Amino acid sequence: MKVDVLLGLQWGDEGKGKVVDVLTPDYDVIARFQGGPNAGHTLEFDGIKHVLHTIPSGIFHSNKTNVVGNGVVIDPIIFMKEIVALEAMNVNINERMVISRKAHLILPTHRLLDAASEQAKGKKKIGSTLKGIGPTYMDKTGRNGLRIGDIESDNFQERYDALKSKHLQLLAQYDFEFDLTEMEAEWMKCIEKFKGFKLVDSEHLINAQRRAGKKILAEGAQGTLLDIDFGSYPFVTSSNTITAGACTGLGVAPNQIGEVYGIFKAYCTRVGSGPFPTELDGEVGERMRKAGHEFGATTGRPRRCGWIDIPALKYACMINGVTQLIMTKADVLSEFEHIKVCTAYEYLGEKIDYLPFDVVGSELTPVYEELEGWSEDLTGLGSIDEIPSTLQAYIDYLERILETPITIVSVGPDRNQTLMRESTWVIA
Ligand code: IMP
C-alpha cells in the first residue's frame with residue numbers, strides 16, 4: 001500500500017488538522033513528517049476545540065497508530081503539555097503514539113537563540129514563532145544536534161552540556177538577556193518522562209505497516225510557500241514542507257507515495273513577515289480576518305488576509321504532485337458579494353503567471369478576475385448537493401485553472417462541517 005500525503009499549499013493554517021481528523025477513520029497510521037511546535041493544528045468536535053502542535057491529528061481516534069517521524073523537531077516541554085491535555089481526555093498515549101528515535105530535540109537554548117536572532121534582525125525579522133525551530137534544524141544539518149534516541153544513552157547529559165555550551169557562546173554575541181535555570185530544569189524533567197513513551201525506529205515501522213497493506217497518511221505542517229527550498233525565502237520555516245519532505249521525514253521511498261491531498265483556503269492568509277502579493281490591508285482584509293477568525297493557533301498573532309493566488313497555488317500543485325484538492329473555509333467568503341481571484345501578476349512592466357525568483361524584493365501587483373460570491377450561510381449544509389450555484393461555479397473555475405479535482409469542501413471548523421465530493425473534472 002502506498003503512503004498518502006496531506007499538506008498545505010499556501011502559507012500554513014489551511015486547516016490540515018481538521019481534515020486529517022476527518023480522514024483518519026480511513027487510515028491505520030497517521031504520521032507527522034516535519035516541523036514541530038511552530039505548528040498549531042486545530043480540531044473541533046463535540047463542541048470542544050483542541051490545538052495540537054507536535055502530536056499527529058489522528059490521536060483522538062482509537063485503534064490508530066500516530067507516528068512522530070524523524071523529520072519532526074520536538075520540544076519536550078511543549079510536548080508534555082500536549083500529553084497532559086490529552087490524558088485529561090482519557091487518551092491512552094502509549095496505545096496510540098510512537099516517536100522516532102531520530103527526531104531532533106529542541107533545547108531551551110535553541111529557543112533562546114531563535115529569540116536572540118529575531119531580535120537582532122530588527123525590521124528584517126522573519127516573524128518566527130520563536131519555538132526554536134530554525135536553530136534546531138541548523139544543528140541538525142550542522143551535525144551537532146541531539147536526537148530523541150540519545151536520551152537512552154549513558155552520556156546524554158554530557159552531550160547536552162557540550163551543545164548547550166556551544167549555544168551559550170553564540171548567545172554571548174547578542175545583546176540579549178536570559179535566564180535559563182527554570183526552563184532547563186523543566187526540560188530535564190520532561191526528558192525523563194520521554195523514557196516512558198514508545199521510542200521506535202519509525203522508518204522500519206512505517207515500511208512494515210505499508211508492506212502489510214496498512215493505510216498510512218502523512219500529515220504535513222506549515223505550507224508549501226513556507227518550504228525552506230521553494231517558499232518565499234528567507235521568510236520561510238526551516239524544513240521541507242512539501243511531498244518530498246514526507247519521504248525524508250518518514251523514510252518512505254518516492255515511488256511509495258500515493259495520493260497527495262493539497263489543502264488550501266478559499267482565500268489566503270499569512271502569519272509573520274514576508275511577501276504576500278494579494279494581501280488586503282484595508283477594511284476588506286479586516287472583514288476577512290474577523291469572519292475567518294484569523295488569529296494564529298500557536299502565537300495568537302492576527303493573520304494577514306488576502307484573495308486567493310492562483311500562480312502560487314499552481315506552483316504548489318506542481319512542486320507537490322497534488323492529485324486531489326481540498327478547499328477549506330468556503331463559509332468565510334459568504335461575507336463578500338464578489339470574490340476576487342488573482343490569476344497573474346504585473347511584474348517589471350510585464351504580465352506574468354508564475355512566481356518570479358525574487359518575490360521578496362520585487363513589486364508584484366496582482367491581476368484579478370472577479371467572480372460572483374454567495375451570501376448563503378454554508379455552515380449548516382449537510383451535503384455538497386446543497387451548495388449555492390455560485391460556489392459550485394467557484395469550485396468548477398478552480399478545478400479548471402488548477403487542473404486538479406476538488407474532492408472535499410470544508411464549510412466550518414467542526415468535523416461535521418465537511419462536504420465530500422465526487423469530482424467530475426477531467427483534463428480537457
Ligand atoms: P518558524 O518556523 O517558527 O521559524 O517561523 C518561520 C515562519 O513560518 C514565520 O513567518 C512563521 O509565522 C511561519 N510559520 C511557522 N509555522 C507556521 C504554521 O504552522 N502556520 C503558519 N505559519 C507558520
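The structure presented is a predicted model; accordingly, all values stated were derived computationally and were not measured.
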Distance-only donor-acceptor hits, side chain of residues 42-56, under 3.5 Å, sequence neighbours excluded:
unit_1	atom_1	unit_2	atom_2	d
H53	ND1	A39	O	2.7
T54	OG1	E82	OE2	3.3

What pairs of donor and acceptor atoms, side-chain ones from residues 261-277 against any protein atom, are under 3.5 angstrom apart with sequence neighbours left out?
unit_1	atom_1	unit_2	atom_2	d
Y261	OH	Y27	OH	3.2
K265	NZ	D13	O	3.0
K265	NZ	T269	OG1	2.8
K265	NZ	E294	OE1	3.0
K265	NZ	E294	OE2	3.2
Y267	OH	E294	OE2	2.5
R270	NE	S273	O	3.4
R270	NH1	S232	OG	3.1
R270	NH1	P275	O	2.6
R270	NH2	S232	OG	3.3
R270	NH2	F235	O	2.7
R270	NH2	S273	O	3.2
S273	OG	K125	O	2.8
S273	OG	I126	O	3.3

Distance-only donor-acceptor hits, side chain of residues 345-354, under 3.5 Å, sequence neighbours excluded:
unit_1	atom_1	unit_2	atom_2	d
Y345	OH	D309	OD1	2.8
Y345	OH	D309	OD2	2.9

Taking only distance into account, with no hydrogens and no angle test, what donor-acceptor pairs under 3.5 Å do side-chain atoms of residues 245-252 form with protein atoms, sequence neighbours excluded?
unit_1	atom_1	unit_2	atom_2	d
T248	OG1	G245	O	3.4

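By the 6.0 Å contact criterion, CG on N255 is enclosed, its count of non-hydrogen atoms from other residues, nucleotides or ligands being greater than 12. The neighbour count for E177 CD, taken as heavy atoms of other residues, nucleotides or ligands under 6.0 Å away, does not exceed 12. Other residues, nucleotides and ligands contribute only 12 or fewer heavy atoms inside 6.0 Å of the OH atom of Y233. Annotation for M138: atom CE does not count as buried by contact number, only 12 or fewer foreign heavy atoms lying within 6.0 Å.
Looking at R101 and D201, a side-chain N of the basic residue comes within less than 4.0 Å of a carboxylate O on the acidic one, giving a salt bridge. Checked for salt-bridge contact, E403 and R400 miss the test: no charged N lies under 4.0 Å from a carboxylate O. In this structure, E283 does not pair ionically with K290, as no charged nitrogen and carboxylate oxygen lie closer than 4.0 Å. Between K2 and E259 no salt bridge is recorded (no basic side-chain N to carboxylate O distance below 4.0 Å).
By the ring-ring contact (aromatic ring centres under 6.0 Å, His included) test, H167 is found to be paired with H110, residues two or more places apart in sequence or in another chain being considered. Scanning for side-chain contact (heavy atoms from CB on, under 4.5 Å) contacts around Y174 gives L113, A116, S117, A120, F176, with sequence neighbours left out. Take D150 and apply the salt bridge (Lys or Arg N to Asp or Glu O under 4.0 Å) test, not counting sequence neighbours, and it matches R159. The salt bridge (Lys or Arg N to Asp or Glu O under 4.0 Å) check on D331 picks up nothing, with sequence neighbours excluded. In this structure K124 satisfies the salt bridge (Lys or Arg N to Asp or Glu O under 4.0 Å) test with no other residue, sequence neighbours excluded. In terms of the ring-ring contact (aromatic ring centres under 6.0 Å, His included) criterion, Y137 has no residue partners (sequence neighbours excluded). When the side chain to side chain donor-acceptor pair (under 3.5 Å) test is applied to D358, no partner is found at least two apart in sequence or on another chain. With sequence neighbours left out, K16 forms a salt bridge (Lys or Arg N to Asp or Glu O under 4.0 Å) with E14.
In terms of modelled atom types and a separation under 3.5 Å, the side chain of N240 and the main chain of I242 share no donor-acceptor contact. A distance-only check finds a donor-acceptor pair linking the side chain of T404 to the backbone of L402 [under 3.5 Å]. The closest donor-acceptor contact from the side chain of N70 to the backbone of S100 lies at 3.5 Å or more, if one exists at all. No side-chain donor-acceptor contact under 3.5 Å links R289 to the backbone of P302. A donor-acceptor contact shorter than 3.5 Å links the side chain of R287 to the backbone of E335. In terms of modelled atom types and a separation under 3.5 Å, the side chain of D21 and the main chain of G17 share no donor-acceptor contact.
For the atom pair E337 CD and T390 OG1, the distance stands at 11.0 Å (nearest 0.5 Å). To the nearest 0.5 Å, atoms CE (M188) and CD1 (I77) are separated by 10.5 Å. The structure places CZ of R304 at 10.0 Å from OG1 of T278, a figure rounded to the nearest 0.5 Å.
Between W307 and F336, the ring-plane angle classifies as perpendicular under the 30° and 60° cut-offs. A tilted orientation is assigned to the rings of F156 and Y160, their planes being inclined by 30° to 60°.
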message: Is there a side chain to side chain donor-acceptor pair (under 3.5 Å) between Y394 and E372? Walk through the geometry before answering.
response: CA-CA 8 Å; Y394 190 50; E372 222 182 299; over 6 Å; no
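Looking at L217 and V20, their side chains come closer than 4.5 Å, going by heavy atoms from C-beta outward.
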